[in-house]
Amino acid sequence: MNRLPKHITLKHLHAFAMVAQESSFTQAAARLFQTQSSVTTLVHQLETALGTRLFERSSRKVGLTPVGRDLLPRVMRLLTDFDGVLEDVLRYGGQSFGKVRISAAPSAITELVAPAASEFSRLYPAVRLYLRDDNSGHIQRQVLASEVDFGITSRWADSQGLQFDPLVDDAFGVLYCADDPQVVPGSEGYVTWKSLAACKSVGVVDETGILALLRSRTDLPANASTPFYEASSTTSQAALVAQGMGIAFMPALAAHRVLEPRLRFALLKAPTVVRNICTVRRSDVPLTDIARIFETMVRTTTAALALPPGCMPRGVG
């Protein structure tokens with residue numbers, strides 16, 4: 001049901017929810033500070049408007065019909081959201097309030113979004129943040145479907161209707177076990193792709209921007225685009241590398257998030273490969289004012305961060 005009939009009000013929904021919770025019209029009326037007859041009337045009006053029975057009534061108890069059981073959690077969410085909006089207005093008065101929804105790569109959530117969120121919440125305490133980490137393919141689809149206000153990730157595939165605005169250049173390197181004799185950085189700390197061509201590699205599965213970029217490069221060794229082992233995330237990659245099962249090609253920002261005492265990371269050269277982390281939004285739908293403020297804050301915060309070697313902010317746009 002896309003829209004409630006005009007003659008259904010919050011009073012009807014409150015009455016329905018309270019009777020369902022109490023399994024009694026009498027007790028529901030007491031909690032609502034109304035007469036039993038008024039609550040009964042409200043429920044009857046709701047059932048008439050919807051064209052279906054919501055309660056099974058007997059002399060001993062009141063129970064929900066299958067339709068009523070399906071409707072109850074949806075009504076409860078609606079009432080909770082409505083009460084939350086009113087609470088925000090009463091608590092914060094004229095301040096900006098609302099919700100900003102962001103889907104981002106795990107490394108972007110940890111290293112870029114979280115620092116901005118801390119400052120944003122201080123300046124806009126009435127605004128709720130919804131953060132979701134996912135892979136690039138899923139993020140692009142969530143943005144296109146307007147499930148989130150914007151995303152932060154590298155490009156997975158070209159898609160009409162999406163606008164990509166560069167945020168960080170993130171150079172690739174190799175994650176390896178500290179005692180791996182096959183990985184020997186040079187005097188400047190770099191490793192060449194060619195020197196790792198014979199190593200077993202641990203890659204990430206499809207729909208990640210990392211794999212999409214590596215597969216697009218024909219000048220890299222085969223183990224970059226066709227890994228021996230596959231993992232669902234950079235966290236899983238790191239776990240396998242830490243067990244000595246192979247190496248992992250990954251961007252510096254992602255590696256920084258998963259480094260632990262058993263692991264080392266070195267930037268790769270010959271060639272240098274860089275992923276572009278971008279903010280992603282629908283090109284045909286402008287950001288809400290509060291989402292635009294948060295997106296700008298992510299940019300300004302990122303520009304001031306001490307990012308790991310290999311990462312370079314693209315400036316405030």
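Positions are given from 1, in the same order as the sequence printed here.
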D149 pairs by salt bridge (Lys or Arg N to Asp or Glu O under 4.0 Å) with which of R281, R101, R132? R101
Check [X] against [Y] and note the closest heavy-atom contact, atom names and distance.
X    : Y    : answer
V113 : A104 : CG2-CB, 4.4 Å
S154 : G209 : OG-CA, 3.3 Å
P313 : L307 : CG-CD1, 3.7 Å
I152 : I139 : O-CD1, 4.1 Å
P227 : G203 : CB-N, 3.3 Å
Q140 : A157 : NE2-O, 3.0 Å

Go through the side-chain N and O atoms of [X] and [Y] and say whether any donor and acceptor fall under 3.5 Å apart.
X    : Y    : answer
H12  : T9   : yes
S225 : R217 : no
S103 : Q142 : yes
T153 : S136 : yes

Rounded at 0.5 Å granularity, tell me how far [atom1] in [X] sits from [atom2] in [Y].
X    : Y    : atom1 : atom2 : value
M76  : Q21  : CE    : CD    : 4.5 Å
T40  : F25  : OG1   : CZ    : 5.0 Å
R275 : F172 : CZ    : CZ    : 6.5 Å
F249 : L213 : CZ    : CG    : 13.0 Å
Y190 : L268 : OH    : CG    : 10.5 Å
T110 : D133 : OG1   : CG    : 7.5 Å

Are the side chains of [Y] and [X] in contact, using a 4.5 Å heavy-atom criterion?
X    : Y    : answer
L112 : L253 : yes
V62  : S24  : no
T279 : F164 : no
L220 : P271 : yes
V174 : W193 : no
L211 : V205 : no
V258 : M250 : yes
F55  : V19  : yes

Are the side chain of [X] and the backbone N or O of [Y] linked by a donor-acceptor pair below 3.5 Å?
X    : Y    : answer
R128 : P125 : no
S195 : T192 : yes
Q237 : V202 : yes
S283 : G161 : yes
T300 : M297 : yes
T272 : K269 : no
S159 : L162 : no
T302 : R299 : no
T41  : S37  : yes
E22  : A17  : no

Can [Y] be reached from [X] by stepping across I, L, V, M, F, W or Y side chains whose heavy atoms are under 4.5 Å apart?
X    : Y    : result
I210 : L196 : yes
L10  : M18  : yes
I293 : L123 : yes
V298 : Y130 : no
F150 : V127 : yes

Name the orientation class of the two ring planes belonging to F120 and F294 (parallel below 30°, tilted from 30 to 60°, perpendicular beyond 60°). perpendicular
Run the numbers on R282 and E147 for salt bridge (charged side-chain N to carboxylate O under 4.0 Å, His left out), then give the verdict. CA-CA 11 Å; R282 285 184 55 168; E147 295 174 7; over 6 Å; no
Identify whether the distance between the nearest side-chain nitrogen and carboxylate oxygen of E295 and R292 falls below 4.0 Å. no
Flag the pair E111 and R257 as a salt bridge only when some basic side-chain nitrogen lies within less than 4.0 angstrom of an acidic carboxylate oxygen. no
Start with the C-alpha distance between V75 and F16, add both sets of side-chain angles, then the distance that settles side chain to side chain contact (heavy atoms under 4.5 Å, CB included), and finish with yes or no. CA-CA 9 Å; V75 169; F16 163 71; 4.0 Å; yes
Could you go through the side chain to side chain contact (heavy atoms under 4.5 Å, CB included) check for V241 and M245 one step at a time? CA-CA 5 Å; V241 172; M245 295 175 62; over 6 Å; no
